[in-house]
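Structure, as structure tokens:
A quick note: this is a predicted structure, and the numbers were derived from the prediction, not measured.
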Amino acid sequence: MSAVERWDAGIAASSPPEWILREAPENPLAYPPTLFRAANGRVPASATERLARGGLGLDKTVLDVGSGGGGASMALASHARMMVGVDLSTGMLANFAEAAESAGVAHREIVGRWPDVAHRVPRCEVVLCRNVVYMVTDIGPFVSALAERASRRVVVELRSEHPGRALAPLWKEFWGHESPDGPASDDFTEVVRELGFDPTVRTEPRLGGLPGVSRAQYVQFVRRRLCLTADRDPEIDAALGPELPAAVAVTVAWDPPQSQ
């Protein structure tokens with residue numbers, strides 16, 4: 001199998017089985033906009049921010065794919081002239097617009113799924129994509145479209161391990177389901193290389209949970225992912241343990257050939 005085929009197969013296998021999804025009281029893959037504002041997710045001193053800032057030239061335009069509320073891109077607001085956010089959620093994009101207004105930077109929002117809406121998106125110097133690729137089941141066109149829309153640099157951040165790995169003990173405890181590991185960041189780097197790009201890779205530690213989100217809110221987030229009902233929150237809280245495990249963030253960046 002190619003790197004792209006291995007990725008797609010691994011993502012498909014890591015999805016919850018249909019018999020669990022049928023029991024879900026709410027969409028387990030929906031992300032509440034209230035938890036994803038720029039103030040929650042900004043990490044100004046991150047490798048992602050440094051590599052993205054280094055890709056800005058005279059045009060100073062930034063595209064954030066799967067932007068959420070702008071937690072990744074708004075760290076560049078003081079260096080950018082225009083920020084473009086792409087997301088499936090209008091609520092997330094409302095947060096993105098609010099953050100851009102607060103930062104005093106011009107902005108544009110485009111609702112839709114990447115890469116389906118890529119043709120509607122202007123080319124920007126830097127294309128950012130943070131904490132999205134583990135939800136992508138057709139990774140080849142997704143990554144190729146990121147590169148095609150970037151005039152100078154693509155910067156992708158993901159956790160070193162598939163986020164489902166951290167929840168594997170909970171899937172076992174609450175559903176008796178042995179959750180596959182799913183692909184990891186090394187697999188994504190191989191995808192990028194296989195598609196003809198030469199990535200730079202940086203790693204750094206991150207705190208567990210979600211930045212700026214209380215433990216109670218994080219428990220609710222995990223409950224949604226586990227397809228459980230609200231009455232199970234105390235059990236989930238206990239199962240998570242007293243301290244949420246730290247994570248490792250991996251930043252994969254490359255300059256598309258046309259920028260060289």
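A donor-acceptor contact shorter than 3.5 Å is absent between the side chain of Glu23 and the backbone of Ile20. When atom types are taken as modelled, the side chain of Arg224 and the backbone of Asn27 share a donor-acceptor pair closer than 3.5 angstrom. Judged by distance alone, with hydrogens and angles left aside, the side-chain atoms of Arg123 form a donor-acceptor pair with the main-chain N or O of Glu148 at under 3.5 Å. No side-chain donor-acceptor contact under 3.5 Å links Ser67 to the backbone of Gly70. At distances below 3.5 Å, at least one donor-acceptor pair connects side-chain atoms of Arg165 with backbone N or O atoms of Gly182. No donor-acceptor pair closer than 3.5 Å links the side chain of Glu101 to the backbone N or O of Glu98. Remark: side-chain polar atoms of Asp233 are not paired, donor with acceptor, to backbone N or O of Val219 under 3.5 angstrom. Under the 3.5 Å distance criterion, the side-chain polar atoms of Glu125 are matched with a main-chain donor or acceptor of Leu58. Formation of a donor-acceptor pair under 3.5 Å by the Glu161 side chain with backbone atoms of Ala184 is not found in this model.
In summary, of the residues considered (Asp187, Val252, Val156), a side chain to side chain contact (heavy atoms under 4.5 Å, CB included) with Val133 occurs for Val156 alone.
When all heavy atoms are compared, the tightest approach of Gly66 to Val132 is O-CG2, 3.8 Å. Across every non-hydrogen atom of Cys227 and Leu21, the tightest pair is SG-CD2, 4.1 Å. In this structure, Arg202 and Ala47 approach most closely via the heavy-atom pair CB-CB, 3.8 Å. Minimum heavy-atom separation, Val154 to Ala147: CG2-CA, 3.7 Å. When all heavy atoms of Ala52 and Leu76 are compared, the pair lying nearest together is CB-CD1, 3.6 Å. The two residues Ala253 and Val155 have their closest heavy-atom pair at CB-CG2, 4.1 Å.
Tracing side-chain contacts under 4.5 Å through hydrophobic residues (I, L, V, M, F, W, Y), one never reaches Leu128 starting from Val117; they form parts of separate clusters. Trp114 and Phe96 fall into different hydrophobic clusters, defined by Ile, Leu, Val, Met, Phe, Trp and Tyr side-chain heavy atoms under 4.5 Å apart, directly or through other members. Grouping the Ile, Leu, Val, Met, Phe, Trp and Tyr side chains by contacts below 4.5 angstrom, directly or via other members, places Leu63 with Leu158. If you chain together hydrophobic residues whose side chains sit under 4.5 Å apart, Trp19 and Trp171 fall into the same group. Using a 4.5 Å cut-off between side-chain heavy atoms of Ile, Leu, Val, Met, Phe, Trp and Tyr, with links allowed through other members, Met82 and Val62 fall into different hydrophobic clusters.
Evaluation of the ring-ring contact (aromatic ring centres under 6.0 Å, His included) test over residues 213-251, restricted to residues two or more places apart or in two chains, returns Tyr31-Phe221.
In this structure the side chain of Leu226 never reaches within 4.5 angstrom of the side chain of Pro28, judged on heavy atoms. Counting heavy atoms from C-beta on, the side chains of Arg152 and Asp255 never come closer than 4.5 Å. Side chains of Arg6 and Pro183 form no contact here, defined as non-hydrogen atoms less than 4.5 Å apart. Looking only at side-chain heavy atoms (C-beta outward), Val111 and Leu88 stay at 4.5 Å or farther from each other. Within the 4.5 Å cutoff, side-chain heavy atoms of His177 are placed close to those of Pro17. The closest side-chain heavy-atom distance from Leu195 to Arg193 is not below 4.5 Å. In this structure the side chain of Asp64 never reaches within 4.5 angstrom of the side chain of Val84, judged on heavy atoms. When side chains are defined from C-beta on, Val121 counts as touching Val86, because their heavy atoms get closer than 4.5 Å.
The line from CZ of Phe188 to CZ of Arg159 is 15.5 Å long, rounded to the nearest 0.5 Å. Remark: Ile11 CD1 to Ile139 CD1 distance equals 7.5 Å, nearest 0.5 Å. Annotation: the span from Leu167 atom CG to Ser14 atom OG amounts to 11.5 Å, rounded to 0.5 Å. One finds the CZ atom of Arg223 at 12.0 Å from the CD atom of Glu235 (value rounded to the nearest 0.5 Å). Atoms CZ and CZ, from Arg153 and Arg53 in turn, are 11.0 Å apart once rounded to the nearest 0.5 Å. Note that the CG atom of Leu56 and the CZ atom of Arg81 stand 11.0 Å from one another [nearest 0.5 Å].
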Residues Val126, Thr61; criterion side chain to side chain contact (heavy atoms under 4.5 Å, CB included); working and verdict: CA-CA 7 Å; Val126 171; Thr61 50; over 6 Å; no

Residues Arg225, Glu26; criterion salt bridge (charged side-chain N to carboxylate O under 4.0 Å, His left out); working and verdict: CA-CA 9 Å; Arg225 296 301 299 270; Glu26 51 192 342; over 6 Å; no

side-chain hydrogen bond (donor to acceptor under 3.5 Å, both in side chains) evaluation trace for Ser46 with Glu49: CA-CA 5 Å; Ser46 71; Glu49 186 270 340; 5.5 Å; no

Evaluation steps, side-chain hydrogen bond (donor to acceptor under 3.5 Å, both in side chains), between Ser160 and Ser185: CA-CA 5 Å; Ser160 61; Ser185 60; 5.4 Å; no

Step-by-step side-chain hydrogen bond (donor to acceptor under 3.5 Å, both in side chains) determination, Ser89 to Asp87: CA-CA 5 Å; Ser89 167; Asp87 203 284; 4.7 Å; no

Working for side chain to side chain contact (heavy atoms under 4.5 Å, CB included), residues Val250 and Val201: CA-CA 7 Å; Val250 178; Val201 180; 3.7 Å; yes

CA sep, side-chain torsions, deciding dist, call: Glu157, Arg206, salt bridge (charged side-chain N to carboxylate O under 4.0 Å, His left out): CA-CA 12 Å; Glu157 184 182 312; Arg206 288 279 194 274; 3.2 Å; yes

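Not counting sequence neighbours, Asp198 has no partner by the side chain to side chain donor-acceptor pair (under 3.5 Å) test. In this view, Phe197 and Trp254 satisfy the ring-ring contact (aromatic ring centres under 6.0 Å, His included) rule, not counting sequence neighbours. Considering only residues two or more places apart in sequence or on other chains, Arg113 meets the salt bridge (charged side-chain N to carboxylate O under 4.0 Å, His left out) condition with none of them. Residues passing the ring-ring contact (aromatic ring centres under 6.0 Å, His included) test with Phe174: none are found, sequence neighbours excluded. Every residue meeting the side chain to side chain donor-acceptor pair (under 3.5 Å) condition with Glu178, not counting sequence neighbours, appears here in chain and number order: Lys172.
Ion pairing between Glu243 and Arg215 fails under the 4.0 Å rule for side-chain N and carboxylate O.
Less than 6.0 angstrom separates the ring centroid of Tyr134 from the ring centroid of Trp7.
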